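The next block holds one structure in the form of structure tokens; read it before the comments.
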Amino acid sequence: MKKPMNIYITTGRKNLKYAYVAIKSLFVNNRDREIHLYVVSEDLTVEDMRHENALAQQYGHRIHILRFDEEKAGEYIHIDQGDHWPIGTMSSYWLFHELLPSEVDRIMVIESDTVVVGDLSEIYDMDFEGSYVICPGPEHKPANHRNFMQRVGGDTLTFVLSLYDVDKIRHDFTLQDILNADEQIKKLAGYSQMEFTFGLLFKDHIRYVAGKDSCIDENERYAEELGYDYMAECQKTAKILHFSSYKDYSKPWNPVSMMPGYAVWWQYAQDSPYYKSYFEEQWKLYDKVKQERAEAAKYVSGRNVLLCAFALFAMIVTGTAVYLHGAAGFAAAAAEAAAALGASVLIRKAGIWYQRKRRS
């Protein structure tokens, strides 16, 4: 009989097609374990996950859907409007005390924008040695992330491929303790962020696994800080590749800039039932980008016309004032011109704000 392994992932109907690759790669590379995949979602049903459940049956694994109440969570956490993080990413706050069944004693996190490239058993079976969490080392986090955690008095925590001692966390902390830590982070960072929250809550009780042997993030910032050669070398030893992104939402299926691991993601995507939609959705995203660029160009053209008209107006008014009233007329004309320029800038900014609000 295979030993069980509990894995946690969040996704919804909108992003399930991308999570399919993470789920398939997890199942393919961990055939010696019986995986219990706990899918935390605000809207998924068993019928929605028929393709994923077929995969689970094929490889001898099981999928459990845990219902997450986004409306309730929204009363506690804060994410800036328009941010690319969905509220569902914060479901980990409720994981230990409300979402997981009581028999789950440890659980490992992956995310829907990952591809599993190795056997997770070695990390999953590690002794916590008194820690609440085992996670990839801080060496792969951006410098500003590490510096922030040092300032707030916490430890750097990487969420993807983090393994939690569920029993110990349930025993030592309440859900309210977790939410209180989030409140501290909101005051310091201005928004909720689970890596910051758990890094603060579990300070001095985090066991690290070297990043090169556990998880490598691939995006433009990591490419700048780590370099192609290091990232490509880590792909040979890491257990999971994480395609984290910023507000450009660059992913393997939306390649704003190409990363080494994108090719690996597409290998597992080849026979996906959602394969066609990967392209169609990417075309939609690019069309949106083109529209935003066109609108930006229109605003630039409008600004240039406005400035030229204003410059011509200022020259005529100032010249006339000097001719009629001398130095006093020049001072008055200059003051009027400055006021007119300020008013035109405010009007233009109001127009841009209105257009952005209408798009959102």
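Remember, predicted model here, so these are calculated numbers, not experimental data.
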Side chain to side chain donor-acceptor pair (under 3.5 Å) against Lys141, all qualifying residues, sequence neighbours excluded: Glu195
Residues in ring-ring contact (aromatic ring centres under 6.0 Å, His included) contact with His64, at least two apart in sequence or another chain: His36, Tyr38
Summary of side-chain hydrogen bond (donor to acceptor under 3.5 Å, both in side chains) pairs that have at least one residue in residues 233-242, sequence neighbours excluded: Glu111-His242, Asp113-His242, Asp217-His242, Glu233-Lys236
Which residues share a side chain to side chain contact (heavy atoms under 4.5 Å, CB included) with Val152, sequence neighbours left out: Phe148, Met149, Leu188
Arg13 CZ to Thr45 OG1 distance, which is reported to the nearest 0.5 Å: 5.5 Å
Neighbour count above 12 (heavy atom, 6.0 Å) for Asp32 CG: no
Gap separating the CD1 atom of Ile216 from the SG atom of Cys234, nearest 0.5 angstrom: 4.5 Å
Short side-chain donor-acceptor distance under 3.5 Å, Gln176 and Asn180: yes
Mutual orientation of the aromatic rings belonging to Phe159 and Tyr8 [parallel < 30°, tilted 30-60°, perpendicular > 60°]: perpendicular
Chi angles and distances behind the side-chain hydrogen bond (donor to acceptor under 3.5 Å, both in side chains) call for Tyr93, Asp182: CA-CA 9 Å; Tyr93 289 179; Asp182 174 73; 3.0 Å; yes
Set of side chain to side chain contact (heavy atoms under 4.5 Å, CB included) partners for Arg106, sequence neighbours left out: Tyr124, Phe128, Leu163
Sequence-distant partners of Glu98, side chain to side chain contact (heavy atoms under 4.5 Å, CB included), two or more places apart: Lys72, Trp94, Leu175
Summary of side-chain hydrogen bond (donor to acceptor under 3.5 Å, both in side chains) pairs that have at least one residue in residues 152-162, sequence neighbours excluded: Ser162-Tyr164
Residue pairs passing the side-chain hydrogen bond (donor to acceptor under 3.5 Å, both in side chains) test where at least one lies in residues 253-265, sequence neighbours excluded: Ser250-Tyr262
Centroid-centroid distance, Phe202 to Phe173, less than 6.0 Å: yes
All side chain to side chain contact (heavy atoms under 4.5 Å, CB included) counterparts of Leu200, not counting sequence neighbours: Gln184, Ile185
Over all atoms of both residues, closest heavy-atom pair of Ser41 and Gly12: OG-CA, 3.7 Å
Residues in side chain to side chain donor-acceptor pair (under 3.5 Å) contact with Asn30, at least two apart in sequence or another chain: none
Residues that Tyr20 engages under ring-ring contact (aromatic ring centres under 6.0 Å, His included), provided they are two or more places apart: Tyr274
Contacts of Tyr228 that satisfy ring-ring contact (aromatic ring centres under 6.0 Å, His included) - sequence neighbours left out: none
